[in-house]
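In this text the structure is predicted, and so the values were computed from the model without any measurement.
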Protein chains: 2
Amino acid sequence: MSTSVDFDDNSRMTDTTPRRRDATATRRAILTSAREAFAEMGYDGAGVREIAARAGVTAMLVNRYFGSKENLFAEAVAEGMARTAVVLPKILSSGATGEEIAKTLLGITGASDTPMEGFQILLRSASSRRAAEISRELIERHQQKAIATALGGDLAAQRAALMLSLIAGVQLMRQMIALPALADSKSKSVVRTLAPLFQMLIDGNA
Amino acid sequence: MSTSVDFDDNSRMTDTTPRRRDATATRRAILTSAREAFAEMGYDGAGVREIAARAGVTAMLVNRYFGSKENLFAEAVAEGMARTAVVLPKILSSGATGEEIAKTLLGITGASDTPMEGFQILLRSASSRRAAEISRELIERHQQKAIATALGGDLAAQRAALMLSLIAGVQLMRQMIALPALADSKSKSVVRTLAPLFQMLIDGNA
DNA sequence: GTCTATAGAAAGATAGAC
DNA sequence: GTCTATCTTTCTATAGAC
């Protein structure tokens, strides 16, 4: 590298400098963009071009950094699920009541941008076989085990799985399908109906 | 029968006879094929070519009979939901217990071809905005009202909506995500945990 | 009524300049 | 490290023969 240092020193010759040249920042921007796009439009709906455009780069870089769309999706789901993962086990481990869980759930499934991004990606991407596999792995590792531990008692795994089912179902019907009875009606009356279900899953049945 | 066969009689002029020439049967075959394909692979995953091939026709006829893929999907969801619709309200209206519902649900979400095709299409197609709209309309009209009527009592609409949420969530986690705690473990222990939830939605809470 | 053939758009991924 | 330009495939939808 002695004599041919002519692209940093004397930048007169090759002065292009197309962008900011920060690999980690670019990678991070793509991943964030992908997380949002997948949550909004699902695995099939979100195109690499669009994800790249949101991140301010070209489609080529997506494949350069992540190899393929599938790999990008796996990382996006992992990050989304990691974010979501902190919410539920936390409120459970501190001995929350069914009503508190119901309130929390309804509070974070109303707006469009939510802490439930992991589940949203999952729901919007359930069509893809590969996406389902990736999701199962992540749910099992991050969500179910943490919830089952927090719940404790008999049949903790099943109760945790059913709690996840109920949460996913509510998010689906309320946020994505927008079933009026859940989306439009007063949160309070929904909480009243939903709370005892969570309470029963917390307590376990004799 | 007897003398008809005008494509056999004067077959000298137009002798092609490419297929059987039964418009309603062809249309019906396409619709059936579409219902299965959408349930299996979702709106984006199922291509018109593949749907047509399963029905034994070419892709062109799909658009001839249904105008577009979106219209075809709408009809397929409608039929799938109508089939699913008869299951739940029926067992509810006859005063079923939570345990009976739980047993029924687990019985029809294990196999691959199920009476829950309507929900399956919905879950696999939740990525599509248009699919969600179509589904909401159909769920509201066919499922929720029937269930709410069968349930009766206070907050019947919310209770029905939550029952649908729970059903959809269980189907999602058990059949599509294949969460081991729900998919692999003995049905009996899952029923034991699930039954009181349904019972509570049936009774309504004081 | 059904076919073959193809138009036209959009997808994911790659090559090579700078 | 990032770009432009392009390859290849796949999709929905249409045109026209029979």
| said: Can you identify which nucleotide, out of D:dG1, C:dG1, C:dG12, has its nearest atom closest to the A:Ala23 side chain? | reply: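 From the listed options, D:dG1 comes nearest.
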| message | Quick check against the 3.5 Å criterion: does A:Arg54 have a side-chain atom that pairs as donor or acceptor with the backbone of A:Ser33? | response |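 No: the side chain of A:Arg54 does not pair with the backbone of A:Ser33.
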| said: From CD1 of B:Ile30 over to P of D:dA13, roughly how many Å is that when rounded to an integer? | reply: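 Value for this atom pair: 13 Å.
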| task | Please tell me which of the listed nucleotides, C:dC3, C:dT2, D:dA13, lies nearest to the side chain of B:Val57? | result |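 Among C:dC3, C:dT2, D:dA13, the one nearest the side chain of B:Val57 is C:dC3.
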| query | What's the CE-P distance between B:Met60 and D:dA17, to the nearest Å? | reply |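 Checked: the CE to P distance equals 14 Å.
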| Interatomic distance where CE belongs to B:Met41 and C1' belongs to D:dT10 [whole Å] |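 Checked: the CE to C1' distance equals 14 Å.
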| said: Counting only side-chain nitrogens and oxygens, does A:Tyr65 get under 4.0 Å of the OP1 or OP2 atom of D:dG1? | reply: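 Checking D:dG1 against A:Tyr65, no side-chain N or O comes under 4.0 Å of OP1 or OP2.
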| said: Rounded to whole Å, how long is the line connecting atom CZ of A:Arg64 with atom C1' of C:dT14? | reply: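 Checked: the CZ to C1' distance equals 12 Å.
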| request: Could you state the atom-to-atom distance from CG of A:Asp44 to P of C:dA10 in whole Å? | output: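 It is 17 Å, rounded to the nearest whole Å.
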| message | As a test of reading the structure: which of C:dA11, C:dG1, D:dA13 is closest to the side chain of A:Arg49, going by heavy atoms? | response |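 Shortest atom-to-atom distance from the side chain points to C:dA11.
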| query | Under the 3.5 angstrom rule, does the side chain of A:Arg159 hit a backbone N or O of A:Gly152 as a donor-acceptor pair? | reply |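 Side chain of A:Arg159 to backbone of A:Gly152, a donor-acceptor pair under 3.5 Å: yes, one is there.
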| query | Rounded to the nearest Å, what distance is computed from the CD1 atom of residue A:Ile51 to the C1' atom of nucleotide C:dA10? | reply |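 Computing the A:Ile51:CD1 to C:dA10:C1' distance gives 15 Å.
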| said: If you compare every side-chain N and O of A:Asn63 against the phosphate oxygens of C:dG12 (OP1, OP2), does one of them come in below 4.0 Å? | reply: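 No, because none of the side-chain N or O atoms of A:Asn63 sits under 4.0 Å from OP1 or OP2 of C:dG12.
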What donor-acceptor contacts under 3.5 angstrom involve side-chain atoms of residues 66-82 of chain B, with partners at least two apart or in another chain?
unit_1	atom_1	unit_2	atom_2	d
B:Ser68	OG	B:Glu70	N	3.4
B:Ser68	OG	B:Asn71	N	3.3
B:Lys69	NZ	B:Tyr43	O	2.9
B:Lys69	NZ	B:Ala46	O	2.9
B:Glu70	OE1	B:Arg130	NE	3.1
B:Asn71	ND2	B:Phe66	O	3.3
B:Glu75	OE1	B:Arg27	NH2	2.7
B:Glu75	OE2	B:Arg27	NH2	2.8
B:Glu79	OE2	B:Arg35	NE	2.8
B:Glu79	OE2	B:Arg35	NH2	3.4

| Proximity to the side chain of B:Thr26 - top-ranked nucleotide from C:dT4, C:dT2, D:dC3 |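 When the side chain of B:Thr26 is considered, C:dT2 is the closest of C:dT4, C:dT2, D:dC3.
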| Distance in angstrom units between B:Lys69 NZ and D:dC11 P, rounded |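 Checked: the NZ to P distance equals 9 Å.
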| query | Would you call A:Glu99 and A:Lys103 a salt bridge, taking side-chain N to carboxylate O under 4.0 Å as the test? | reply |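 Judged by the 4.0 Å cut-off on N to carboxylate O distance, A:Glu99 and A:Lys103 do form a salt bridge.
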| message | Expressed as a whole number of angstroms, how long is the span from A:Glu70:CD to C:dA13:P? | response |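 Going from A:Glu70 (CD) to C:dA13 (P), I get 9 Å.
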| message | One pair to check against salt bridge (charged side-chain N to carboxylate O under 4.0 Å, His left out): A:Glu137 and A:Arg141. What are the steps and the verdict? | response | CA-CA 6 Å; A:Glu137 165 74 10; A:Arg141 292 228 316 214; 3.6 Å; yes
| said: OP1 or OP2 of C:dC3 versus the side-chain N and O atoms of B:Thr58: is any pair under 4.0 Å? | reply: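 So the side-chain polar atoms of B:Thr58 do come within 4.0 Å of the phosphate oxygens OP1 or OP2 of C:dC3, strictly under.
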